[in-house]
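The structure appears below as structure tokens.
No hydrogens, no waters, no symmetry mates; every other heavy atom, side chains included, goes into these values. Lettering of chains follows the sequences in order, A, B, ..., and the numbering in each one begins at 1.
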Protein chains: 2
Amino acid sequence: MAVNDGLSRLVARAQPRHRTTTEFVEATLREAILSGVIAPGTPLRQEELAETFGVSRMPVREALRQLEARALAEFHPHRGAVVAEISAADGADIGAIRMALEPMALRLSLPGLTAADLDQAEELIAEMDGEADPGRMGELNRRFHMTLYARAGRPRLLALTEQHLLAADRYLRFQFAALGYRPRSQDEHRALLAACRAGDADAACRLVEEHVGEAAEQLTAFLEGREAG
Amino acid sequence: MAVNDGLSRLVARAQPRHRTTTEFVEATLREAILSGVIAPGTPLRQEELAETFGVSRMPVREALRQLEARALAEFHPHRGAVVAEISAADGADIGAIRMALEPMALRLSLPGLTAADLDQAEELIAEMDGEADPGRMGELNRRFHMTLYARAGRPRLLALTEQHLLAADRYLRFQFAALGYRPRSQDEHRALLAACRAGDADAACRLVEEHVGEAAEQLTAFLEGREAG
DNA sequence: TGCCAGGATATTGGATCCAATCTATCACCA
DNA sequence: TGGTGATAGATTGGATCCAATATCCTGGCA
């Protein structure tokens, strides 16, 4: 079974240190969908998932409802849930949201950033230089961005930003596999970090907006080509 | 019972034309929370809600999970859910998100706006002039904003924007009740509409950002005073 | 040969039941 | 008298069971 195959590995190594079974199932499924372990369009059969997780159908149902609210799964009444499809239009949608949220997060965070934060960001850039694995690269990229936003002091804004960084990751997987990492991305990361170190908020916000925008643009072009072909 | 009282009225006049009971419960509860019919901090007892809706506890449970994913309810394992609290910090958080999303939505929508859209926006401003009821005012305000963003062609961005407009409404209720509607708001609406009619994207985006920012600022000040006192 | 109808099957949606756990109360002891 | 521990009640979390609905296949008919 395509679903169980990759997922059961995730389930096996997932620490069930969650307080309820529902939380455990939701977190693991979300990870699986965002990381691409379960492909878009895959039907999420309740019974099958329940068996994989070793629980009854009920916590699975509640978890699926939460995933629906996060736009990671689509419900069709009496026909079940499927993993949300990916499309060029949706990729552009997520890109637009990131272009709106991330400059705001950075602007709020910048004054509070410590030297340690900036050093950690620099270290993450260095790690990305030598990384080939797409999944790991996505995680490093996400951590780099979130490190810069961490001092915004706006929990909702940060949660929303991270959620859409994760959603973008899911998309970027497809691009990574075909084209490799976007070469200019690292240059942009370095320029962004330099602006943050200089405390130049306007420049930093402009850079992050351009950075996200270019990534989204290239992704959209790639996906449109994929849909056309 | 404080919960049932206002809620049962909503339930009574709600058309159960939803495909599943869970959808019906979720939509009605969301409306009740956002509109303030159920106050922040109110415990959401599953049995009580089930009785009010005339269903079993199960669809209530699934609906509550979805509300949690939307940050409208907070879950405490084995202790139940409560309606999400409101706070000055959270109000500022929502304000920051709106300030990020709405200029982006407007910029994407502006080129596609029709004369009919602009006329409808103007009509909504006129309606707001003569409106005293806070709930109705919030709805008109929301429709005005969403009308201007409607042609963005980004479903996720629009859904997120509307969700945070609704969340802001929930907060504004408290301010309405104490201070009435912010007087300068209508002037800003008119200026914004004028910029849209002129097709001046930069000005329109700047105006909407300022508009949202000022509303958020005043709200935050009000809530901080309320929390201090 | 193609299309429509009807029934069998699979899967979800909803109800009921049981177990786990949290809270509050009360007795008991220092 | 104040604090601590045990116990009872209430409430949620999870499992199982039943009903409702969609899909798919097959057979009959034009």
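For residues 32-74 of chain B, every residue pair satisfying the ring-ring contact (aromatic ring centres under 6.0 Å, His included) rule, not counting sequence neighbours, is listed here: B:Phe24-B:Phe53. Under the ring-ring contact (aromatic ring centres under 6.0 Å, His included) criterion, no residue pair touches residues 64-85 of chain B, with sequence neighbours excluded.
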**Fill in**
Per-nt protein contacts along nucleotides 9-18 of chain D (heavy atom under 4.0 Å; B base, S backbone sugar-phosphate only, - none) come out as --SBBBBB--

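Remark: A:Arg65 does not engage A:Glu62 in a salt bridge, criterion side-chain N to carboxylate O under 4.0 Å.
Comparing the axis of the opening five pairs of the helix from C:dT1-D:dA30 to C:dA30-D:dT1 with that of the closing five pairs yields an angle of 20°, rounded to 10°.
Residues passing the side chain to side chain contact (heavy atoms under 4.5 Å, CB included) test with B:Glu131 are B:Asp133, B:Arg136, B:Met137, B:Leu140, sequence neighbours excluded. Qualifying salt bridge (charged side-chain N to carboxylate O under 4.0 Å, His left out) partners for B:Arg57, counting only residues two or more places apart in sequence or in other chains: none.
Between B:Glu48 and B:Pro43 there is no side-chain heavy-atom pair separated by less than 4.5 Å.
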**Message:** Does B:Leu165 form a side chain to side chain contact (heavy atoms under 4.5 Å, CB included) with B:Glu102? I'd like the steps, not just the answer.
**Reply:** CA-CA 10 Å; B:Leu165 262 166; B:Glu102 297 195 24; 3.7 Å; yes

